[in-house]
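Quick note: numbers below take in every heavy atom, side chains included, and nothing from hydrogens, waters or symmetry partners.
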Amino acid sequence: MRATEFFAPTLREMPAEAEVVSHQLLLRAGFIRRTAAGVYTHLPLAQRVLKKIKQIIREEMDRQGGQEILMPIIQPAELWQESGRWDVYGPELFRLKDRHERSFALGPTHEEIVTSLVRGEVNSYKQLPLMLYQIQNKYRDERRPRFGLMRGREFIMKDLYSFDRDEEGLHVSYMKMHEAYNRIFQRCGLIFRPVEADSGAIGGSDTHEFMVLADSGEASVLYCRDTKCDYASNVEKAAQAVREPGEKEDLKPIIEKETPGCRTVEEVTRFLGIPPQKIIKTLLYETEKEVVAALVRGDREINEIKLLNTLGCLRLELAGANTVLRVTGAPVGFAGPVGLKNCKIVADPEVVLIANAVTGANKNDSHLLNVNMQRDYHVQTVSDIRMVQAGEPCPRCGSPLLEAKGIEVGQIFKLGDKYSKVLGANYLDENGRSQPIIMGCYGIGVTRTMAAAIEQNHDNDGIIWPAAIAPFDAVIIPVSTKDEAQVNLAGEIYDSLSAAGFDVLLDDRPERAGVKFKDADLIGYPLRLTVGSRTAAEKKVEVRVRKTGEVTVTAFNDLEKRVRELLALI
RNA sequence: CGGGAUGUGGCGCAGUUUGGCUAGCGCGCUUGCCUUGGGAGCAAGAGGCCGGGGGUUCAAGUCCCUCCAUCCCGACCA
């Protein structure tokens with residue numbers, strides 16, 4: 001491809017609408033343009049990168065036995081009503097009507113479609129296992145699309161669905177996808193981690209998220225410092241390590257103490273001169289069924305996802321001031337478990353271990369000292385309901401946990417019979433018995449992976465593409481387009497590298513060298529091949545590695561070999 | 001959905017407070033000259049329903065009402 005014919009409109013200045021690096025650089029370097037909020041047009045550069053990512057994905061899906069199909073974006077409402085998600089999915093589902101007033105949705109995911117396909121075609125255990133996938137646009141009417149391609153309303157996703165006879169079969173399929181995902185992101189040149197994750201509303205099943213580590217990531221990941229231990233988890237899910245009971249302390253008599261205006265843990269610790277570890281923090285939550293008091297140590301934060309899973313409820317929110325007053329008899333800030341009635345109490349295991357604790361007295365401006373579980377109060381449930389923090393011991397090996405920010409680029413999920421049951425996707429086993437097909441689903445955000453690669457690989461000058469997904473392997477820059485020797489040599493290089501199978505861009509624009517260098521750095525070609533007066537006469541080429549800035553001079557005859565070597569290293 | 005901000009040539013912005021006559025600047029774009037190793041220089045040009053609608057006024061980019069769009073923070077997110 002020649003730059004004079006190539007559509008890659010770069011911008012000198014940073015567009016005002018972009019905040020995150022990947023968004024800024026994708027716009028500036030001429031990869032994308034915004035069409036509507038959260039909806040983008042992919043220009044040739046982006047399309048090239050996406051093609052390479054998709055190709056890697058296809059190869060790895062096929063290697064594990066996946067078969068590519070293409071399902072419709074437009075999905076009939078009936079199927080969604082059948083699965084129950086027409087009502088559950090909410091406003092995030094793009095809905096539309098045809099001229100006959102029939103309702104449709106733009107697919108945010110394809111469990112309904114694929115399950116309905118399989119239920120019609122698969123009847124026997126002999127047809128299982130089966131893995132079907134597609135790479136296609138997805139639609140989610142996000143409340144707030146943001147960060148460019150990181151969270152759009154239209155995005156490209158690979159989704160594979162596995163169909164097995166039983167849980168064992170599902171586990172095999174799941175591990176195949178786990179392996180495939182590791183290979184995919186590795187091949188894309190990304191630094192990532194598979195982490196344990198919360199399974200959300202579906203509950204109970206295994207799920208892993210694949211996180212590209214980058215400071216701009218929206219998710220927090222905890223992982224074991226010991227590289228031999230592979231524990232890594234989304235903070236939402238991270239379990240606290242089992243703790244030994246501390247030194248025994250004699251139980252002291254309970255005392256009520258006035259603590260005027262001390263509502264927060266910090267205020268109470270300062271007023272009473274005690275460490276926050278001695279405080280039981282009591283938070284009231286409302287679910288769709290009841291009011292619940294959640295107890296954690298004063299220096300800890302509640303993990304609402306864990307609490308929600310513990311309670312088995314659908315909705316959970318912090319109780320308002322009126323509810324707190326009604327249930328505890330005191331304003332917000334003085335709740336405690338002692339004497340608390342008409343309210344379920346859930347405690348974190350750490351709370352059990354606190355001897356002579358301080359809690360709210362359920363009375364304005366008062367706290368209780370020397371409170372002890374069993375003697376002074378009882379709880380219905382003891383369960384891990386708090387956030388784990390960096391530095392705490394790994395639940396598997398005890399080494400300290402480290403924290404990192406991650407961008408979720410993929411998730412693999414054991415669905416079980418959730419969709420097969422409601423949609424009636426069954427097969428006959430060897431005994432002629434009808435059984436629900438056991439399913440799994442496995443997604444990769446393709447456009448998000450492109451953005452994540454930039455978040456992880458850029459500098460002040462622009463993008464630094466990993467070679468495997470770069471739009472071109474190299475750019476060839478003749479310093480002066482008026483120097484015939486340079487132009488001819490650049491042309492020869494272009495022809496020979498193209499013939500050797502490389503993707504190369506010849507920057508034949510009649511621009512000054514500086515302009516072409518700046519654009520090359522911005523767009524992020526892994527290699528830059530400069531043909532200038534210094535070297536052209538000897539038929540030599542300067543090879544510059546974008547990532548390291550390293551420059552070497554190579555004879556034209558050795559260039560193909562040199563390029564191959566360098567690309568393999570990057 | 002709550003809070004905040006912004007809409008003026010392709011991009012980045014000034015002008016709006018205090019209404020005034022022909023709407024500016026930088027970059028980019030076109031043509032010519034010149035230049036060619038890190039976004040050169042000179043000259044001449046093209047390009048604007050000042051987000052839309054309604055209103056106030058002799059007069060609106062500027063004031064009022066309303067709608068829309070976009071971005072940021074939060075809440076939310078199989």
Practice prompt. Using Watson-Crick or G-U wobble geometry with both distances below 3.5 Å, tell me the partner of B/rC42, or none.
Written response: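 Across all strands, the one nucleotide that pairs with B/rC42 is B/rG32.
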Fill in: Within the 6.0 Å centroid threshold, strictly below: A/F210 and A/Y442
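No; A/Y442 has its ring centre 6.0 Å or more from that of A/F210.
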Fill in: Nearest-nucleotide 5' precedence on RNA chain B, A/P510 against A/R85
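Its nucleotide being nearer the 5' end, the pick is A/P510.
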Practice prompt. Would you kindly compare A/E408 and A/G514 by the position of their nearest RNA chain B nucleotide and give the one closer to the 5′ end?
Written response: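 Result: A/G514.
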Backbone of [Y] reached by a side-chain donor or acceptor of [X] within 3.5 Å:
{"X": "A/R33", "Y": "A/L27", "value": "yes"}
{"X": "A/Y161", "Y": "A/H110", "value": "yes"}
{"X": "A/N303", "Y": "A/E236", "value": "yes"}

Worksheet item: Where the side chain of A/R146 is defined as all heavy atoms beyond and including C-beta, which of B/rU70, B/rG74, B/rG37 is the nearest nucleotide?
Response: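 Closest nucleotide among those given: B/rG74.
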Item to complete: Could you work out which one of B/rU36, B/rC71, B/rA78 sits closest to the side chain of A/R140?
Response: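 So the nucleotide nearest the side chain must be B/rA78.
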Practice prompt. Return the set of residues passing side-chain hydrogen bond (donor to acceptor under 3.5 Å, both in side chains) with A/T548 (not counting sequence neighbours), or none when no residue passes.
Written response: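 Per chain and number, A/T548 pairs via side-chain hydrogen bond (donor to acceptor under 3.5 Å, both in side chains) with no residue.
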Discussion item. I'd like to check the side-chain hydrogen bond (donor to acceptor under 3.5 Å, both in side chains) partners of A/S496; sequence neighbours left out, ordered by chain and number.
Written reply: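 By the side-chain hydrogen bond (donor to acceptor under 3.5 Å, both in side chains) rule, A/S496 matches no residue at all.
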If you look at every strand shown and take non-hydrogen atoms under 4.0 Å, does [X] touch a base, only sugar-phosphate, or nothing?
{"X": "A/E111", "result": "nothing"}
{"X": "A/K482", "result": "base"}
{"X": "A/T481", "result": "nothing"}
{"X": "A/R528", "result": "base"}
{"X": "A/E511", "result": "base"}
{"X": "A/D483", "result": "nothing"}
{"X": "A/R28", "result": "base"}

Discussion item. Between A/K405 and A/D215 (salt bridge meaning N to carboxylate O under 4.0 Å), is one present in this structure?
Written reply: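 Looking at A/K405 and A/D215, the cut-off is not met.
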Worksheet item: Is the shortest side-chain N/O distance from A/R512 to OP1 or OP2 of B/rU35 below 4.0 Å?
Response: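 Answer no for this pair, as no side-chain N or O of A/R512 is under 4.0 Å from OP1 or OP2.
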Discussion item. Between B/rG52 and B/rG26, how many Å separate the two P atoms, rounded to a whole number?
Written reply: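 Pairwise P distance, B/rG52 against B/rG26, rounds to 26 Å.
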Fill in: Integer angstrom distance from the C1' of B/rC27 to that of B/rC67
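After rounding to an integer number of Å, I get 34 Å for this pair.
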Worksheet item: Checking ring-ring contact (aromatic ring centres under 6.0 Å, His included) against A/H23, which of A/F147, A/F31, A/Y40 comes through?
Response: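 Output: one option passes, namely A/Y40.
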Worksheet item: Just by protein heavy atoms under 4.0 Å, how would nucleotides 2-14 of chain B read 5' to 3' in B, S and -?
Response: ---------BSS-
Item to complete: Test for a donor-acceptor pair under 3.5 Å between the base of B/rC77 and the side chain of A/R151, counting only N and O atoms.
Response: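 Counting by modelled atom types and ignoring angles, a donor-acceptor contact under 3.5 Å is found here.
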Whole angstroms only, please: what is the [atom1]-[atom2] distance between [X] and [N]?
{"X": "A/Q24", "N": "B/rU70", "atom1": "CD", "atom2": "P", "result": "19 Å"}
{"X": "A/I407", "N": "B/rC77", "atom1": "CD1", "atom2": "P", "result": "20 Å"}
{"X": "A/F147", "N": "B/rC72", "atom1": "CZ", "atom2": "C1'", "result": "9 Å"}
{"X": "A/K418", "N": "B/rA78", "atom1": "NZ", "atom2": "C1'", "result": "9 Å"}

